[in-house]
Every structure is written in C-alpha cells, then in structure tokens.
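Single-structure report; data block below.
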Amino acid sequence: MQAVILVGGRGTRLGKLTANCPKPMLPVAGRPFLFYVIEALQRHGVDEILLLTGYLGATFDALIAEYSDELCHLRIVQESVPLGTGGALLHAQKYLAEQFLVLNGDTLFDINFSDFCSTPPPPDGARLALRRVEDASRYGKVELHAERVVTMNEKGASGDGLINGGIYYVHKGSLSLLPAGESSLERQLFPALAAQGKLEGKAYAGFFLDIGVPADFESAQVLIPAQRTRPAVFLDRDGVINEDRHYVFRPEEFAWMPGAREAIRYLNERGYYVFVVTNQAGIARGYYGRDDVDALHHWMQRELATAGAHIDRFYLCPHHPDFSGPCDCRKPKPGMLEQCFADWPLVRAQSFLIGDKQSDVDAASAAGIRGFLFESGNLLDCVKALTS
Ligand SMILES: [Mg+2]
C-alpha cells in the first residue's frame, strides 16, 4: 500500500509560526506533527510513503534523518513552483501506484485505513474519508447519496454535516481530468468526479484534528498525546491467531483460528493497540530465517487488511536457550512486553495478553498486566468477553 502526503503548502493562516518551518514540521509534544500522520499509516501496514514537498522542502530531510529507525522509507518529491494539491500529484505521477492513499500533512484523522482501502476506489475515480462535525460551515458540506458524493464544498451551510476529512483513496486514471500546471484536488478534480458519478464517500467518526489555525495547533499539544495513549492487547501468535502446527513460517501452512481476524478488527475499532508477541525458536534452531518470519507477518498484515483489520506491530523472540544462550525476551520472560511499553504510550492498567500456554500468562504477570488463556473456541467471543 502506497500513501502520498501533501506537505508543500505555505501555511499562511498560522502566521509567524510557519515563517521558518512548514506546517507539517511544527513541533507537537516534542515531535513534528507529520510524525504522527506517518505513524498512523505505518500501524496499518503502509510501508511506502511519498512526501510531496514545496515550501521549505529541505526541512523534511531532518525528519528522515532524526526518525529513520522509527519510520519506513520515505521518498521526497520536491516541486520548484507551487502547484496546488492536484499539480503536486501530477508532478509526482511517475512514482504513483495504480491506486494510492492521499493525505494532507496538516491533518490527523484516525480512521481504519484497512477498511477504507479494503475495496479499490471506483475506476478512474476516488473515495473520500468523511467526518461528521457539529458545525460544517467552516469546512464546506459534502452530500452523499448512498456511497456516492453528490455535492462538495457547500460553504456557509451551518449545522451538522459531513465534511471532507482530507484522506483520499485515488485511482491514478482519475488524474487525467486535471489540467497541466497548478490545480486543486478539492476544487477541480473531486467536483468533476462527482459530476461523473465516480466519487465515493465513506464516513468515519474517529479523532480529527486540523492544525491549520493557531488555536487548533495549540490544542494539538494536549489532544494528540492523549489520543495516542491507549491500552494494548498482546496476542500470542501460534495457538491464538493461527492454529499451532509447530514452526509455521509459510502462508500455505498458516490457518487462521476461528474469529481471529474479526477479533483483531474489533480491538482496532475500540481503540486498543494490538501487538503480536511470539516466541520463534525455529530461528535459533535453524528451521527458518528471520526474513521468512518477517515475510509471513507481511502476508498476515495483507490478509488482515482485506478484513479491515491490522496488527500495530509484530514483536518476536528468535532465541532458544539451548541454541543461542539465555535471553530476556523469550516468554515467560517479559522482554517483548517491556519493549512494547518502551516503544508506545500504553495504559498499562487496561492492557492485557491472550496466550495459549502458561508461559504466555507468566510473561504477562512478570510485566504487571493481566494474562488470559485461550485454549479453544472463537477468538472474537473471547475478546468481547474480556473487553465488556
Ligand atoms: Mg502459542
């Protein structure tokens, strides 16, 4: 999955804040705002990101330098003159996949990206993520008929309504409707697609913040850390997510447990982080390599995406004491869990683990969280009972 983030704008409404710093690079709780946008994509399995830069474009090199171990590979495409949101995409056309996500670098909208992209956008068209707000007048209303967008940008209409959330799933063929040079997705492409019946809209209710004006930038300092701080569910892999067939490392050997994908989606949508913590001693024993396990986890992530679900990150222990000596990560040791707590802002008291062995539950106890045994049945039923 490819995502394109528009970060080239001048950010004039923020006044002197953006005199020397592009809006997406402004610091929020110690990190550039853009970091949080990219983090949300990565959690959903997006691993190819294009940054379309313009104003003060060299600033973005600092993000890549400072966070290279936390962020996936980012490609920067710099425009030399301002081209607008449409022109920036045309300028980067040779790097674009057949269909791709587009996000605004000054907006954080917490949607289920896997669900949003679980079916392709309309051929030569696009899909918009929409947000319901109490006062749509500042933004412009979007009117839907079934899932088709009928009208956009109806400014001035007060009252509650759906607005453009600034996240799009675009079929590359739609860009042929844009004129050469400077152009706008919002004012040109999307109204044209709506008129042709090729524009879909899908509403999401998650956290939404646009740092375009000073008051919202100020509140972001508190709201973003608060919404990132969440409980986690740690899932053992073999015997919980998939049948334990001993040293599984190929998709053809992998069988999902009943309700596993649905359980993960259920947790995703209730605001839990979902991490896999798995002992993979088959690596120490030489049965398979780390690359094989990583490839299987990529495959799992793609399969989960078709069910609108995702794992936020996979943690594995490749060791076995008889083959690679002692370690701190092999369950029942709590090392993988402690690493998660170091990597993410987690609410420990509401976090818990589900495993199929006593060693899983013991690892949870050692990390000071609750652990539950899942021995048979449907994982969704289990998860619902534990979170009710
Ligand atoms: Mg197990």
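The figures that follow rest on heavy atoms only: side chains count, while hydrogens, waters and symmetry mates do not. Just follow the structure's listing: the first ligand is 1, and inside any ligand the first atom is 1.
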*Donor-acceptor pair, side chain of Arg127 and main chain of Cys117, under 3.5 angstrom*: no

_Asp238 N/O/S atom closer than 2.8 Å to the Mg ion (ligand 1)_ = yes

*Quiz item: cation-pi between Arg285 and Phe323, 6.0 Å / 45°*: no

_I'd like the atom name of the N/O/S atom in Asp356 lying closest to the Mg ion (ligand 1)._
OD1

*Specify which N/O/S atom of Asp236 comes nearest to the Mg ion (ligand 1), by atom name.*
OD2

_Check ion pair Arg250-Asp292 (N to O, under 4.0 angstrom)_ = no

*Keeping the roles fixed (side chain from Arg265, backbone from Ala305), state whether a donor-acceptor pair exists under 3.5 Å.*
no

